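Each remark here refers to the structure printed beneath this line.
Here the structure is a predicted model, which is why all the values come from computation and not from measurement. Chain letters run A, B, ... following the sequence lines, proteins first, then strands; residues in each count from 1.
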Number of protein chains: 2
Amino acid sequence: MSRASDRAYSAIRNMILSGELPAGAQLGEEALAEMCGVSRTPVREALRRLEADMLVGRTDTQRTFVADWSLGDVADSFELRSMLEARAARRAAERMTDAALARIRAANRALSAAIQQPVPDVAGFLEGNREFHAIILEVAGSRRLTALLCTLIEQPVVLRTARHYSREELRRSHAEHEELTAAFARRDGAWAEAVMTSHILRAYHAYADAHRAHLDASDQQEAAE
Amino acid sequence: MSRASDRAYSAIRNMILSGELPAGAQLGEEALAEMCGVSRTPVREALRRLEADMLVGRTDTQRTFVADWSLGDVADSFELRSMLEARAARRAAERMTDAALARIRAANRALSAAIQQPVPDVAGFLEGNREFHAIILEVAGSRRLTALLCTLIEQPVVLRTARHYSREELRRSHAEHEELTAAFARRDGAWAEAVMTSHILRAYHAYADAHRAHLDASDQQEAAE
DNA sequence: GCAACAGATATTGTATACAAATGCCATCGG
DNA sequence: CCGATGGCATTTGTATACAATATCTGTTGC
C-alpha cells in the first residue's frame, strides 16, 4: 500500500467509486499522475489493474476511460457472483473444519452486533460480511475461484447495496448467514450452495430495486426542473 | 501485437509453455528484457498480464517466478471452466439466432474436416474448436463471463490435451459439439448446459489420464537410469 | 457548405537513469 | 560450530526524457 502504484490505484479507484470521475470520462495518464502526486509509470500500472477490475475500459486506440456500469452490467456481475460464491460455499461445506466454523461464527456475531446498534453500523456490517465471505473462500481452497471472485466483488456495487439496506434487510442478510453456518456445521454442500445462491440473488434484487427507485427520483427531479 | 509489450508477453508466454522457462524459475526483468530485445518497461507490463493469467506468480517480496501447475491446479481450472462454459452455453441457447447457429455449424464442419484427414490436422481441430467456443461466448452476451473464461482457457493445458487426443477422442469431441448444436437449434438451455459440462469434464479426464501416463513413463525412465 | 488533408497538439509507448528494497555472503561474536 | 549482523550485489520501483501514434483544428479545394 505504500508503493506509489498502490497509492495511485487506491486514489483512482476511490475517485471512480465516489463519482468524482464520472462514467465515460477520459483518463489521461498525465492528469492522473498529477492528481496522485506520482509519475506516469505507477499510474499506468494502476490503470492496468483497474482495467482488469473492469472499472475502466479502453478504446481501440488505447485511450482509457471510466467504465459505465449499466444495470445490465450489474446484473451480469451478480449472476456470475452468485454462481461462483455458491460453488465456493459448496466446496467450503465439504471441507469445513471446526476451527474455520468457529471463525465464521465469530464473524457473524460481529456482524450481528453491528446491525443491532441504535443506528446500524454499516461499516461494521460490511467488515463482518467481508470476513464471513473471505473465510468461506479460504476454506473452499480454490486459488482460481478466489481470483475470479476478487474481480467480481468489492466493485462499485457492494458498498452502495449495503448503504441502501434497511434494518430489516440487514437482519435478513444476517439470518441468511446463520443458515449458511448451519449448512457448514452439517457439512451439507448442496444446502450451502442453495442458500448462498439465494443470498447473493436477494442482494442483487435489493440493489436493483434501490437503483430503480433512484432512477425514478431522478426522473421526477428532471421533470420538475 | 506490434507493441513491444505484446511481443514481450508472447515471447515470455511461449518460453513458459514450451518449458524453456521451467516451473519455479525466477524471472528477472532485466534478463527477460534482454531475451525479448526490449527494455524493462514493456517486460514489466507483460509480467503483470502473465500474473493475471496465473502463468507466473510472485513472492511476498515482489520476485516473479514461473507458476507450477500441479494436477490439482489443472483440476481446479477445469472445474471452474466447466461451470462457466456451461453457463455460457445455457445463455447462448436462450439467445441463439439463426445466423449464429449457421456460424456454429460452419465451425463444426471445419473441425470435422480437420479430424477426417489421413493424419488428423490438430491445428485445424484447435482452430475449429476455438471458433466454436468463441461464438457461444459471443452469443451468451456476458462481457464478464467472457473475461473470466479468457483467464481460464488457452492455458498451458488446452494445447497439450488436444495433442494427446486419439482419433477416437477427436471424433467424440466433434460428436459432443454436434449435440450442443442440436441443443442450440432447439433453444434448450438446460440441454446445452448439461452437454457442455460433460464436454469440458471429459476433456479434463482425458488430460488427467494423459498426465498420469506421462508421470508413469517418467518414473519408469528414472528407475531405469 | 462540406469533405479531405496537413500540421499542430496532446496522449500513449518505450528506454534509461536513478532510488529503494531485497537477497546474499562473509565476517564476527558467542 | 552456529547464528547474527553488516555491507555488497542484485533486483525491483519510480521518475523522466524521448519516440510513436492518435486526435484536433484550421485550411483548402470542390
Side-chain angles (χ1 to χ4, degrees), chain A residues 1-16 19-68 143 147 150-151, chain B residues 1-16 19-68 143 147 150-151:
Chain A
M1 189 45 148
S2 67
R3 289 198 339 285
S5 63
D6 292 332
R7 276 185 292 133
Y9 175 78
S10 298
I12 299 170
R13 188 169 190 281
N14 288 336
M15 285 191 281
I16 292 173
E20 188 178 341
L21 292 170
Q26 295 285 335
L27 295 174
E29 295 174 357
E30 194 97 39
L32 292 173
E34 201 166 335
M35 288 188 217
C36 302
V38 299
S39 79
R40 274 180 53 215
T41 309
V43 166
R44 285 174 64 81
E45 197 170 312
L47 284 177
R48 289 284 149 71
R49 285 167 62 186
L50 290 164
E51 195 184 343
D53 295 345
M54 301 193 82
L55 280 175
V56 310
R58 230 162 232 279
T59 68
D60 52 351
T61 66
Q62 305 298 100
R63 251 84 176 161
T64 310
F65 58 90
V66 179
D68 65 329
R143 288 192 8 244
C150 279
T151 73
Chain B
M1 189 44 147
S2 67
R3 292 199 335 287
S5 62
D6 292 332
R7 275 185 293 132
Y9 174 79
S10 298
I12 299 169
R13 187 170 191 284
N14 288 336
M15 285 191 282
I16 292 174
E20 189 178 340
L21 291 170
Q26 295 285 335
L27 296 174
E29 294 174 358
E30 194 94 40
L32 292 173
E34 201 166 335
M35 288 188 217
C36 301
V38 299
S39 78
R40 272 180 54 215
T41 308
V43 167
R44 285 174 65 81
E45 198 170 310
L47 285 177
R48 289 285 150 64
R49 285 168 61 187
L50 290 163
E51 194 183 344
D53 295 345
M54 302 194 81
L55 280 175
V56 309
R58 229 160 233 280
T59 67
D60 52 350
T61 66
Q62 304 298 98
R63 250 83 177 165
T64 308
F65 57 91
V66 179
D68 64 330
R143 290 191 9 245
C150 278
T151 73

Side-chain N or O of [X] less than 4.0 angstrom from OP1 or OP2 on [N]?
{"X": "A:Arg63", "N": "C:dT11", "value": "no"}
{"X": "B:Gln62", "N": "D:dG13", "value": "yes"}
{"X": "A:Thr61", "N": "C:dT12", "value": "no"}
{"X": "A:Ser5", "N": "D:dG13", "value": "no"}

Would you please name every residue forming a side chain to side chain contact (heavy atoms under 4.5 Å, CB included) with A:Ala147, sequence neighbours left out?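 In terms of side chain to side chain contact (heavy atoms under 4.5 Å, CB included), with neighbours along the sequence ignored, A:Ala147 is linked to B:Met54.
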Who passes side chain to side chain contact (heavy atoms under 4.5 Å, CB included) against B:Ala23, sequence neighbours left out?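 Expected list: B:Asp68.
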I'd like to check A:Arg49 versus A:Arg13 (side-chain heavy atoms, cut-off strictly below 4.5 Å). Are they in contact?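 A side-chain contact under 4.5 Å is absent here.
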Sequence neighbours excluded, every pair satisfying salt bridge (charged side-chain N to carboxylate O under 4.0 Å, His left out) that has a member inside residues 56-67 of chain B: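 As it turns out, the salt bridge (charged side-chain N to carboxylate O under 4.0 Å, His left out) pairs with a partner in residues 56-67 of chain B, which skip direct neighbours, are B:Glu51-B:Arg58.
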Considering the terminal five base pairs at each end of the helix from C:dG1-D:dC30 to C:dG30-D:dC1, what angle separates the two local helix axes, rounded to 10°?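 Taking five pairs per end, the axes differ by 10°.
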Show me the donor-acceptor pairs, under 3.5 Å and distance only, between side chains in residues 31-42 of chain B and residues at least two apart or in other chains.
residue : atom : partner : partner atom : Å
B:Ser39 : OG   : B:Thr41 : N            : 3.4
B:Arg40 : NE   : B:Glu29 : OE1          : 3.0
B:Arg40 : NH2  : B:Glu29 : OE1          : 3.0

Heavy-atom contacts under 4.0 Å between residues 27-41 of chain A and DNA chain C, which residues?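 Hits under 4.0 Å, by residue number: A:Leu27, A:Gly28, A:Glu29, A:Arg40.
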What's the shortest heavy-atom distance between B:Leu50 and B:Tyr9, and which atoms?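 Scanning both residues, the minimum pair turns out to be CD2-CE1, 3.6 Å.
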